[in-house]
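Reading through the structure tokens given below for one structure.
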Amino acid sequence: MPQELTTQAQFDAFAAEVARELGTHCRTAPLPAELGGMARLIVDDDGRALRLVQPDRRRPERLRINAALPDESEVSAPSIGVTASSARHVAREIVRRLYPLHAEAAQQAAEITARRQAEERARRAVAEVVAGALPGARVQEQHRRTLIVWQHHTRPQGEHSPVQVDSVCAVVRASGESVQVDVSGRPDSVVPMLAAFARAHERS
């Protein structure tokens, strides 16, 4: 028979029962109201977290249980629907159906994080070399890329002459495997840069 879960107090008590049935020193905590419906967080000693939610007050016996991941921007958190027939039943369904999906998603998230960290290290190493070749350049970290901007301002003779700007803008891509460079300025500055680059390329 489904549990009577029509108040937050009843829902919190039921979530605490589910946590006890799960064992592993599970504990509960409140969740933001903006999730919609009544909700409660269940966390165990391993840091594994679940969101227990009653999405529709018209059907209080229906629960949605979502795995909570540290970063859900890359990996969709798995979830299951259960009937609140008893705390033991809900705990059993979590162990049987949700925990394997939770472990798989957590592993996938960890692999993505490791790849991103390796990318960042490689990109940072390349960016340091590029910035070292452009003394005084500004370095700006953006989403999965590094922007390096070097500028030199000169004013030709004659106080009314406009300031002329020579600039180099380099973008180091995500893994540091490529660098895009844009050069602009006076021909007598840009041409020697391009010539030096061509000579270095010929030597390599």
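None of these values were measured; they are calculated from a predicted model. Computed over heavy atoms, backbone and side chain alike; hydrogens, waters and symmetry mates excluded.
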Is the count of non-hydrogen atoms from other residues, nucleotides or ligands lying under 6.0 Å from E177 atom CD greater than 12? no
Going only through I, L, V, M, F, W and Y residues with side-chain contacts under 4.5 Å, is there a path from V43 to L101? no
Once you round to the nearest 0.5 Å, how far does CD1 of I80 lie from CD1 of I94? 6.0 Å
CD of Q8: more than 12 outside heavy atoms within 6.0 angstrom? yes
What closest approach, in Å, do A170 and V181 show between heavy atoms, and which atom pair accounts for it? CB-CG2, 4.1 Å
R27 bridged to D45 by N-O distance under 4.0 Å: yes
Any sub-3.5 Å donor-acceptor pair from R40's side-chain atoms to L52's backbone N or O? no
Under the criterion side-chain contact (heavy atoms from CB on, under 4.5 Å), I'd like the reasoning laid out for L98 against L50: C-alpha separation, chi angles, the key distance, then a yes or no. CA-CA 9 Å; L98 186 56; L50 307 170; 3.7 Å; yes
M38 and R57: CA distance, side-chain angles, deciding distance, side-chain contact (heavy atoms from CB on, under 4.5 Å) verdict: CA-CA 8 Å; M38 292 185 289; R57 287 182 179 271; 3.5 Å; yes
Does any part of the side chain of F11, heavy atoms only, come nearer than 4.5 Å to the side chain of T6, both counted from C-beta? no
The side-chain contact (heavy atoms from CB on, under 4.5 Å) partner of L69 among E74, H102, Q108 is H102
Would you give the length of the straight line joining atom CG of L134 to atom OG of S167, rounded to the nearest 0.5 angstrom? 10.5 Å
Would you say that D12 contacts T28 through its side chain, given a criterion of any heavy-atom pair below 4.5 Å between the two side chains? no
Point-to-point distance, once rounded to the nearest 0.5 Å, from CZ of R51 to CG of L41: 8.0 Å
Counting only N and O atoms by type, is there a donor-acceptor contact under 3.5 Å from the side chain of S189 to the main-chain atoms of G185? no
Y99 and R48: CA distance, side-chain angles, deciding distance, side-chain contact (heavy atoms from CB on, under 4.5 Å) verdict: CA-CA 9 Å; Y99 274 174; R48 183 169 48 190; 3.6 Å; yes
Do I148 and C169 make a side-chain contact, defined as non-hydrogen atoms from C-beta onward lying under 4.5 Å apart? no
Can R124 and T146 be counted as having a side-chain donor-acceptor contact under 3.5 angstrom? no
If two hydrophobic side chains count as joined below 4.5 Å and joins carry through other members, does V190 share a cluster with V149? no
Give the minimum heavy-atom separation between A122 and S175, together with the two atoms involved. CB-O, 3.2 Å
With rounding to the nearest 0.5 angstrom, report the CD to CD1 distance, Q117 to I112. 12.0 Å
Side-chain contact test, heavy atoms from C-beta onward, threshold under 4.5 Å: evaluate it for I65 versus V82 and give yes or no. yes
Parallel, tilted or perpendicular: which one describes the rings of W150 and H152, with boundaries at 30° and 60°? parallel
Tell me the closest heavy-atom pair linking A105 and S76, and the distance in Å. CB-O, 4.4 Å
For R62 and Q54, which I'm curious about, is there any donor-acceptor pair between the side chains at under 3.5 Å? no
Between the side chains of E61 and R59, is the shortest nitrogen-to-carboxylate-oxygen separation below 4.0 Å, so that they form an ion pair? yes
For the pair R92 and E21, find out whether any cationic side-chain nitrogen is under 4.0 Å from an anionic carboxylate oxygen. no
If hydrophobic clusters are built by linking Ile, Leu, Val, Met, Phe, Trp and Tyr wherever their side-chain heavy atoms come under 4.5 Å apart, do V171 and V129 end up in the same one? no
Could you walk me through whether E141 and R123 satisfy the side-chain contact (heavy atoms from CB on, under 4.5 Å) test, starting with their C-alpha distance in whole Å, then the side-chain angles of each, then the deciding distance to 0.1 Å, before giving a yes or no? CA-CA 10 Å; E141 291 294 335; R123 186 172 70 248; 3.8 Å; yes
So, taking the atom named CZ in R115 and the one named CD in E120, what distance separates them when rounded to the nearest 0.5 Å? 13.0 Å
Say whether L147 and V172 are linked into one hydrophobic cluster, either directly or through other cluster members, by side-chain heavy-atom distances under 4.5 angstrom. no
Looking only at heavy atoms, the pair that brings H89 and S86 closest together is N-OG, 3.0 Å
Starting from V130, can I reach M193 by hopping between I/L/V/M/F/W/Y residues whose side chains sit under 4.5 Å apart? yes
Looking at D166 and R186, does any basic side-chain N land under 4.0 Å from a carboxylate oxygen? yes
State whether a side-chain donor-acceptor pair under 3.5 Å links S79 with R64. yes
Determine yes or no for a side-chain-to-main-chain donor-acceptor pair under 3.5 angstrom, with E93 supplying the side chain and V90 the backbone. no
From Q164 atom CD to H153 atom NE2, the distance as rounded to the nearest 0.5 Å: 12.0 Å
Under 4.5 Å between any side-chain heavy atoms of L63 and L5, yes or no? yes
Is it true that a side-chain atom of D44 and a backbone atom of G47 form a donor plus acceptor pair closer than 3.5 Å? yes
Side chains of I42 and L22: closer than 4.5 Å at any heavy-atom pair? yes
